[in-house]
Amino acid sequence: MFQNMPYEGTRNEQYTQVLSQLKSLIHDEPSAIANLSNASALLKHFLSDTNWVGFYLYDGNELVLGPFQGLPACIRIPMNRGVCGTAAAKRTTLLVADVHEFPGHIACDAASNSEIVVPIIVDGALYGVLDIDSPLKNRFDQEDQQFLETFVHILEGQLAL
């Protein structure tokens, strides 16, 4: 179904291609684990200069590691702790240019230098977060944020509490 091919066109055109691929991957698939697994693989393949792409899922108390691509990671993240816990608690996207300057940053991968975390909200309730790390500082920008928020919004339509 999918082949390892480079994305072409402008950045916006490439983002549009990925969003279309996500819609195709999750269409009529009820399994959240399958959808999140394919979503993390799709993003890891597409996004250059990333070392970790995945999901932490909210269990009603804390964030627990979900499907991901990258090195083994922290399993549990308390709410309001690190970039993921803070983004989850505030229910807002956090784009961090230099994680070493973020108070309470949790270093799951020593190679990570920048990070973006997008909360996943289903039926008004926190479902989890999309977490993406890069070994480069300032890897993510507002265009990435807008794309990833749209990506998560598409996923939210297929997830159930």
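What you see is a predicted model, and the numbers here were worked out from it, not measured in a lab.
- Between the side chains of N138 and S114, no donor-acceptor pair of N or O atoms lies under 3.5 Å.
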Next on the checklist: Quick one, Q17 with E13, criterion side chain to side chain donor-acceptor pair (under 3.5 Å). Give me CA distance, side-chain angles, the key distance, then yes/no.
Outcome noted: CA-CA 6 Å; Q17 288 176 323; E13 290 168 339; over 6 Å; no
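- A distance of 6.0 Å separates CG of L95 from CD of Q142, quoted to the nearest 0.5 Å.
- V83 and V64 fall into different hydrophobic clusters, defined by Ile, Leu, Val, Met, Phe, Trp and Tyr side-chain heavy atoms under 4.5 Å apart, directly or through other members.
- Inter-residue side-chain proximity for N51 and L71 is flagged as unmet; no heavy-atom pair is nearer than 4.5 Å.
- For the atom pair C74 SG and I106 CD1, the distance stands at 6.0 Å (nearest 0.5 Å).
- Minimum interatomic distance between E143 and N12 (heavy atoms only, all atoms of both residues): OE2-N, 4.0 Å.
- Listed for the R139 side chain is a donor-acceptor partner under 3.5 Å among the backbone atoms of S48.
- Contact between L94 and A87 at its shortest, heavy atoms only, is CD1-N, 3.6 Å.
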Checklist entry - Passes side chain to side chain donor-acceptor pair (under 3.5 Å), E115 versus S134? Steps please. => result CA-CA 6 Å; E115 185 171 6; S134 172; over 6 Å; no
Item to check | Working for side chain to side chain contact (heavy atoms under 4.5 Å, CB included), residues V152 and T150 | outcome: CA-CA 5 Å; V152 163; T150 301; over 6 Å; no
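- Taking a 6.0 Å sphere around NE2 of H100, one finds it holds more than 12 heavy atoms contributed by other residues, nucleotides or ligands.
- Contact annotation: the side chain of L47 approaches that of I132 to within less than 4.5 Å [non-hydrogen atoms, C-beta and beyond].
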Item to check | side chain to side chain contact (heavy atoms under 4.5 Å, CB included) evaluation trace for I26 with N38 | outcome: CA-CA 8 Å; I26 67 175; N38 271 334; 5.9 Å; no
Next on the checklist: side chain to side chain contact (heavy atoms under 4.5 Å, CB included), that's the test. Do F140 and T50 meet it? Break it down for me.
Outcome noted: CA-CA 10 Å; F140 306 103; T50 58; 4.3 Å; yes
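- Closest approach of L130 and I120 over heavy atoms only: N-CD1, 4.0 Å.
- Annotation: side chain of F46 is in contact with side chain of Q14 (closest heavy-atom distance under 4.5 Å).
- Going from atom CG of L148 over to atom CG of L19 covers 9.0 Å, rounded to the nearest 0.5 Å.
- Nearest heavy-atom pair across I33 and P67 is O-CG, 4.0 Å.
- If you take OG on S40 and CG on N35, they are separated by 11.0 Å, rounding to the nearest 0.5 Å.
- Salt bridge status for R11 with D144: present, with a side-chain N to carboxylate O gap under 4.0 Å.
- Residue E29 qualifies as enclosed at atom CD: its count of foreign heavy atoms under 6.0 Å is above 12.
- Scanning both residues, Y127 and A32, for their nearest heavy atoms gives OH-CB, 3.3 Å.
- Remark: side-chain polar atoms of T86 are paired, donor with acceptor, to backbone N or O of G82 under 3.5 angstrom.
- Under the 4.5 Å side-chain criterion, counting only non-hydrogen atoms from C-beta, L22 is in contact with F151.
- Minimum heavy-atom separation, E62 to I77: CB-O, 3.5 Å.
- Both L63 and F102 belong to a single network of hydrophobic side chains, linked directly or stepwise wherever heavy atoms of I, L, V, M, F, W or Y lie under 4.5 Å apart.
- Looking only at side-chain heavy atoms (C-beta outward), L136 and N113 stay at 4.5 Å or farther from each other.
- Residues R76 and D59 are in side-chain contact: their nearest non-hydrogen atoms beyond the backbone lie under 4.5 Å apart.
- Y15 and F147 have parallel rings, their planes meeting at less than 30° on a 0 to 90° scale where 60° marks the start of perpendicular.
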Checklist entry - What do the steps show when you test R91 against L126 for side chain to side chain contact (heavy atoms under 4.5 Å, CB included), and what is the final call? => result CA-CA 8 Å; R91 293 186 181 195; L126 179 66; 4.0 Å; yes
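- Side chains of W52 and K44 form no contact here, defined as non-hydrogen atoms less than 4.5 Å apart.
- Taking CD of Q158 as the reference point, atom OG of S31 lies at 11.0 Å (rounded to 0.5 Å).
- Within the 4.5 Å cutoff, side-chain heavy atoms of Y56 are placed close to those of L65.
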